[in-house]
Colleague: 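Right, I'll just put the structure down here and ask away after.
Chain letters run A, B, ... following the sequence lines, proteins first, then strands; residues in each count from 1.
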Amino acid sequence: MKWTKMLIQTLRDDPQDAEIDSHKLLVRASLVKKLSGGLYTFLPLGLRTFRKVENIIREELDRAGALEVVMPILQPAELWKQSGRWEAMGPNMFKLRDRAEKPYALGPTAEEEVTDLVKSIVSSYRQLPVTVYQFQWKFRDEIRPRFGLMRSKEFMMKDAYSFDVSMEAADASYKAMYDAYVRIFARCGLKAYPVEADTGDIGGKFSHEFHVLADAGEDGIAFCPCCGYAANLEKAERKVAAVAGDPCPAYEEVHTPNAKTIDQVSAFMGVPGSAFVKSLIYSADGEPVMVCVPGDRDVNEVKLKHFLEAGKLELADYEMVLAASGANAGSVGPVKPAKAGLRIVADMSLKGATGRIVGANKDDYHLKNVDMARDTTIAEADYADLVIAQAGDICPRCGKPMDLKRGIEVGHVFKLGTKYTDAFKAVYKNDQLQESVMVMGCYGIGVSRTVQAVIEQSHDRDGIIWPAGVAPFQVVIDLLDPADESVAKVALELESALESAGVDVLVDDRADRPGVKFKDADLIGFPVRVVVGAKGLANGGVEVKRRDQDKSHMKIVPVAEAVAAIKALLA
RNA sequence: CGGAGCGUAGCGCAGUCUGGUAGCGCGUUUGGUUCGGGACCAAAAGGCCGAGGGUUCAAAUCCCUCCGCUCCGACCA
């Protein structure tokens, strides 16, 4: 392929609307072009990488025995109503109607569709297990699209779904996908780590996310450097040492005018935030619940939701706070709240805590010298791990302190159980003609996001450094003297020789000066650069260099040996 | 949805406060000189100044409305 025949528009300046390196480089290297917020066109170069990532995924899933299908993007609303997610997905889902007013969704995912599909084909245990997958554009009405392809309204996802006869059999399907994911990300040149995760809106039993570590990542991850425990902060557990609370005198009121937040009261009283108990009123399925956590920690709503087994959990509104506590937000506390029998739950680090400061359930007042056991009615069983893990928290597995990292979620595997197969009555018959519900798993990879994650993880000041497996072209030939027929001939012959050897190559045949070509080659980041020029040929051949090595590694090789030398650099 | 910032040539920006012929750099086209890490000279093309309304003799500039983009936040007491 010749550069002058491609549609490439590299940019010297960073685009005005990009914040992170990978987003800037996607645009500057002419891989994508923005149409509108959260909507991108893949340009020829970007699409080549995109297809390579797709093919790696396809090969590994095929190898794992999965079957490719393509299901409609436009999904009838009735499917979503059957699973209850027409409501549950809320405004995250694009909804539309046809001319007959029949409602549809633009698929944000396809559990409903695939369950309906498999149910209609599979009726016997002999047909199981089966795993199907597709590459399909997904649509989500994101609150805030950002960072280019990282979080967009429309994105390419590989989604796979397994169906098994039992929980145990489903574990094997899960394991097969997990292993395939490890291979896929390795082949993409990515360091992706599996981390334990919450199952979120999709629901299910357990799951792992695959994360690429990057400061620009949107997710917090707790990492144990000692034993390798890794979990999304939404889920990350922690161990808490028992509190040896010294006895304290009876509690008493303190007037704290105009001090609402922990920071304000802490400053007012001259006591650190950790001495406080922060108390929040949540509405759990419409019922008020008070949640107490140390003043310097934040509630983990995901953990709380699981602990309370609540369907819908949100912070209580103003009226509910007043009715439950007797005071407004800012003065809420666990000692004698207004509502008799109000359920109070607390973080386990508060068990046995004494001498704490809490809201007095009376506006502008706090209580000091509170002994959680003596002064509150919190049940033994209502102490649980309810806060977001922090760096330094104790690993639940090995007892050593954990680190905090940030990650880009590129893949996710779920063991779903029977949530959807129950809803759709997806059953099979066993050899006794007895019917059972199939057990399901689902497995996603964000293809467009993975492309960007590779860039985020592999670039330098000059541009992208593509891993050879996913580069738009593996080799760029910088033809420095395109007007010189004898030099051009060498470049073109090398191009066909490389193509015959299965190496894809782009010849920069522009009439520009060398510096322009070198800069663009570095920006786009072809793994190997070959310079063909009159000067080099006079010195004995063509010059080859890997993108990830500097000029000192450049080698002059005779034209006849060039293909072998280039293949060696790509290996 | 709340807050902030920004919309001027393909891209990056100045001009807006203080109204008076729409500019700069990169890119593009043509000619010439150059030619191994983003060359130089000359000439040229390219803009409904986000859209609509208002004020004014006159609006990119002042006022109003809307639209789009980016960032922060979305109830942690």
Colleague: Please classify the nucleic acid contact of A/Val265 as base, sugar-phosphate, or nothing, using heavy-atom distances under 4.0 Å.
Modeller: nothing
Colleague: What nucleic acid atoms does A/Ile143 come within less than 4.0 Å of, heavy atoms only: base, sugar-phosphate, or nothing?
Modeller: base
Colleague: Students often get this wrong, so: under 4.0 angstrom with heavy atoms, is A/Gly37 touching a base, only sugar-phosphate, or nothing?
Modeller: sugar-phosphate
Colleague: Output the rounded distance in Å from CZ (A/Arg146) to C1' (B/rU70).
Modeller: 11 Å
Colleague: If we ignore hydrogens and angles and just use 3.5 Å, is the side chain of A/Lys555 paired with the main-chain N or O of A/Lys545 as donor and acceptor?
Modeller: no
Colleague: Would you tell me if any nitrogen or oxygen in the side chain of A/Ser36 comes within less than 4.0 Å of OP1 or OP2 on B/rC69?
Modeller: yes
Colleague: Measure from CG on A/Asp478 to P on B/rG38 and round the result to the nearest Å.
Modeller: 14 Å
Colleague: Which listed nucleotide (B/rC76, B/rG38, B/rG12) is nearest to the side chain of A/Arg12?
Modeller: B/rG38
Colleague: How is A/Asp522 classified with respect to the nucleic acid when contacts are heavy atoms under 4.0 Å: base, sugar-phosphate, or nothing?
Modeller: base
Colleague: Considering residues at least two apart in sequence or located in another chain, which fulfil the side-chain contact (heavy atoms from CB on, under 4.5 Å) criterion with A/Ala565?
Modeller: A/Val557
Colleague: Distance check, C1' atoms only: B/rC48 and B/rA60, in whole angstrom units.
Modeller: 11 Å
Colleague: In Watson-Crick or G-U wobble terms, both distances under 3.5 Å, what is the partner of B/rC71?
Modeller: B/rG3
Colleague: Pick base, sugar-phosphate or nothing for A/Gly536, based on heavy-atom distances below 4.0 Å to the nucleic acid.
Modeller: base
Colleague: Look through every strand shown and name the nucleotide pairing with B/rA59 as Watson-Crick or G-U wobble, where both distances are under 3.5 Å.
Modeller: none
Colleague: Nearest-Å distance, CZ (A/Arg513) to C1' (B/rG38)?
Modeller: 9 Å
Colleague: In this structure, how many angstroms lie between the C1' atom of B/rC75 and the CD1 atom of A/Ile281, rounded?
Modeller: 14 Å
Colleague: For nucleotides B/rC41 and B/rG27, find the distance between their P atoms and express it as a whole number of Å.
Modeller: 12 Å
Colleague: Within this structure, what is the CE-to-P distance between A/Met320 and B/rC75, rounded to whole angstrom?
Modeller: 16 Å
Colleague: Donor-acceptor check, side chain of A/Thr4 to backbone of A/Arg510, threshold 3.5 angstrom: yes or no?
Modeller: no
Colleague: Record whether the side chain of A/Arg529 comes under 3.5 Å of the base of B/rG37 through a donor-acceptor pair of N or O atoms.
Modeller: yes
Colleague: Hey, does A/Val516 reach any base, or is it just sugar-phosphate, or nothing, if we go heavy atoms under 4.0 Å?
Modeller: base
Colleague: If the plane angle is over 60° it's perpendicular, under 30° parallel, otherwise tilted; pick one for A/Trp137 and A/Phe42.
Modeller: tilted
Colleague: Assess A/Arg529 against A/Phe518: is NZ or CZ under 6.0 Å from the centre of the six-membered ring, and within 45 degrees of the ring's axis?
Modeller: yes
Colleague: Quick one: look up who B/rC49 pairs with, Watson-Crick or G-U, both distances under 3.5 Å, and put none if it's unpaired.
Modeller: none
Colleague: Have a look at A/Asp298 and say if it touches a base, only the backbone sugar-phosphate, or nothing, with a 4.0 Å heavy-atom cut-off.
Modeller: base
Colleague: Please check this pair: side chain of A/Gln452 against backbone of A/Leu149, looking for a donor-acceptor N/O pair closer than 3.5 Å.
Modeller: yes
Colleague: Checking the side chain of A/Asp481 only, and the main-chain atoms of A/Asp484 only, is there a donor and an acceptor separated by less than 3.5 Å?
Modeller: no
Colleague: Searching all strands shown, indicate the nucleotide that pairs with B/rG10 (Watson-Crick or G-U wobble; both distances under 3.5 Å).
Modeller: B/rC26
Colleague: Using a cut-off of less than 4.0 Å, is there contact between a side-chain N or O of A/Arg144 and OP1 or OP2 of B/rC71?
Modeller: yes
Colleague: Roughly, in whole Å, what's the span from NZ in A/Lys34 to P in B/rG68?
Modeller: 13 Å
Colleague: Which value, in whole Å, describes the distance between the C1' atoms of nucleotides B/rA39 and B/rG20?
Modeller: 40 Å
Colleague: Decide whether A/Asn92 and A/Asp141 meet the rule of one side-chain donor and one side-chain acceptor closer than 3.5 Å.
Modeller: no
Colleague: On RNA chain B, does the nearest nucleotide to A/Glu314 precede the nearest nucleotide to A/Leu480 from the 5' side, or the other way round? Give the residue.
Modeller: A/Leu480
Colleague: Can you tell me the Watson-Crick or wobble partner of B/rU16, both distances under 3.5 angstrom?
Modeller: none
Colleague: Give me the distance, rounded to whole Å, that separates B/rG23 from B/rC71 when you measure between the C1' atoms they each carry.
Modeller: 29 Å
Colleague: Using atom P in both nucleotides, what's the gap between B/rG2 and B/rC17 to the nearest angstrom?
Modeller: 30 Å
Colleague: Does A/Asp14 reach a base, just sugar-phosphate, or nothing at all? Heavy atoms under 4.0 Å.
Modeller: sugar-phosphate
Colleague: Pick the P atom in B/rU30 and in B/rG12, then give their distance to the nearest Å.
Modeller: 25 Å
Colleague: Checking only heavy atoms, does the side chain of A/Asp512 share a donor-acceptor pair with the base of B/rG38 at less than 3.5 Å?
Modeller: no
Colleague: Considering only the C1' atoms, how many Å lie between B/rG73 and B/rU16, rounded to the nearest integer?
Modeller: 30 Å
Colleague: In this structure, how many angstroms lie between the P atom of B/rG25 and the CD atom of A/Gln16, rounded?
Modeller: 21 Å
Colleague: I'd like the C1' distance from B/rC11 over to B/rG47, given in whole Å.
Modeller: 14 Å
Colleague: If you pin A/Asp17 and A/Val531 to their nearest nucleotides in RNA chain B, which one's is more 5'?
Modeller: A/Val531
Colleague: Can you tell me the Watson-Crick or wobble partner of B/rU34, both distances under 3.5 angstrom?
Modeller: none
Colleague: When the distance from CD of A/Glu301 to P of B/rA74 is rounded to whole Å, what number comes out?
Modeller: 11 Å
Colleague: Counting side-chain heavy atoms from C-beta on, which of B/rG10, B/rC71, B/rG38 comes nearest to A/Gln9?
Modeller: B/rG10
